[in-house]
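Order of appearance sets the numbers: ligands from 1, and atoms from 1 within every ligand.
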Amino acid sequence: MHLQVHPEVADALDAGRPVVALESTIISHGLPRPDNLRVAREIEDAVRSVGAVPATVAVVSGVPCVGLDDEALRTVAEDDEVVKVSARDLAVVVARGGHGATTVAATSHLAALAGIQVFATGGLGGVHRGARDTWDESADLTTLATTPITVVCAGVKSILDVPATLERMETLNIPVLGYRTDRFPGFYLADSGHPVTWQVESPGEVAAILHARAALECDGGLVLANPVASDHELDRALHDSVLEAGLAAAEASGVRGKDVTPFLLDFFHSATQGRSLEVNVALVKSNAVLAGQVAAALVA
Ligand code: PSU
Ligand code: MN
């Protein structure tokens, strides 16, 4: 087995040009068909719009791929055999020759292996509501604690226990920087209601912090929290009522474990008649652009 790095991505990495990793769970399990394939291409275009090379990560027929051609992207978006793959699942899916859509955790692992330093997604996984009983905490957090990657995201998904997630990130030594904000973003909402410790104003400032981390031999990743533009965010009252209904529906249908996040995102998309989908797409594209700018500042 070896990592298959798309030639365009490999060339960019060799030449010291900016590269941004993108995850694929959002394509297969986070966005509804048929919009997901179009949106996946649009996210890649957003990375290109600022002169960086996109590297969407997935396992295709047992091959861990960093950078997908159009056929592979279509497989991730449309094939019913694609499973959600976290870091611990990677080896199983590779050994079995299956298709896997990588979460933030699995994408971070493969991207770092390929030498990519910046990664864009929508919302990070974290501590679920009710985790005190279920112990459901995304492996995104523990993976970021040990994997050298910068994740640009709109905070953690608002379906989660946000303050508990912030506490866990502190314990795990994962720095959280607010991009032009001192509020931790709430995914569909620009402000989760919680502060961030550090605010940064430019991609260059993020790059300087990453260079300092390298010099200090700080292990692990960093979260750059980029709020959705206020004219794109979901109506707060709508958000709160749909979330309440979604959590109740998940409970009533006995949804557990790795199915919880896809279930709730899908619930939002149908209960808001696509409004949450628009927000989700807008924030991912904005994160892709910022990640491209950070990647460029890093290699400058
Ligand atoms: N962000 C989105 N949509 C998604 C996800 C993040 O806008 O679908 C995915 C990511 O792949 C993240 C995963 O790693 O949800 C978290 O799942 P879990 O809570 O089961 O760890
Ligand atoms: Mn979980």
Quiz item: Is the side chain of Ser28 donor-acceptor paired with the backbone N or O of Ala101 at a distance under 3.5 Å, no angle test?
Solution: no
Quiz item: With a cut-off of 2.8 Å, which protein N/O/S atoms are close to the Mn ion (ligand 2), if we only count those under it?
Solution: Asp136 OD1
Quiz item: Looking only at heavy atoms, which two atoms of Tyr188 and His269 are closest? And how far apart?
Solution: OH-CE1, 3.9 Å
Exercise. State whether the side chain of Ser202 and the backbone N or O of Glu205 hold a donor-acceptor pair below 3.5 Å, judged by distance alone.
Key: yes
Quiz item: Any chance the side chains of His239 and Ser158 put a donor and an acceptor closer than 3.5 Å?
Solution: yes
Practice problem: Indicate yes or no: does Asp80 engage Arg33 in a salt bridge with an N to O separation below 4.0 Å. | Solution: yes
Quiz prompt | Minimum heavy-atom distance Ala87-Thr143, with the two atoms named | solution = CB-OG1, 4.2 Å
Quick one: table the atom pairs, ligand 1 N or O against protein N or O, below 3.5 Å, distance rounded to 0.1 Å.
residue	atom	partner	partner atom	Å
ligand 1	1 (N)	Gly123	N	3.1
ligand 1	1 (N)	Gly123	O	3.0
ligand 1	7 (O)	Asn280	OD1	3.2
ligand 1	11 (O)	Glu23	OE1	2.6
ligand 1	11 (O)	Glu23	OE2	3.3
ligand 1	14 (O)	Val104	N	2.8
ligand 1	14 (O)	Asp140	OD1	3.1
ligand 1	14 (O)	Asp140	OD2	2.8
ligand 1	15 (O)	Lys157	NZ	3.3
ligand 1	17 (O)	Lys84	NZ	3.1
ligand 1	19 (O)	His128	NE2	3.3
ligand 1	19 (O)	Thr261	OG1	2.8
ligand 1	20 (O)	Lys84	NZ	2.7
ligand 1	21 (O)	Ser138	OG	2.6

Quiz item: Quick one: do Asp70 and Arg41 make a salt bridge, cutoff under 4.0 Å?
Solution: yes
Quiz prompt | Exercise: identify the closest heavy-atom pair between Val53 and Val47 | solution = C-CG1, 3.8 Å
Self-check item: Side chain Ser276, main chain Phe268, donor-acceptor under 3.5 Å
Solution: yes
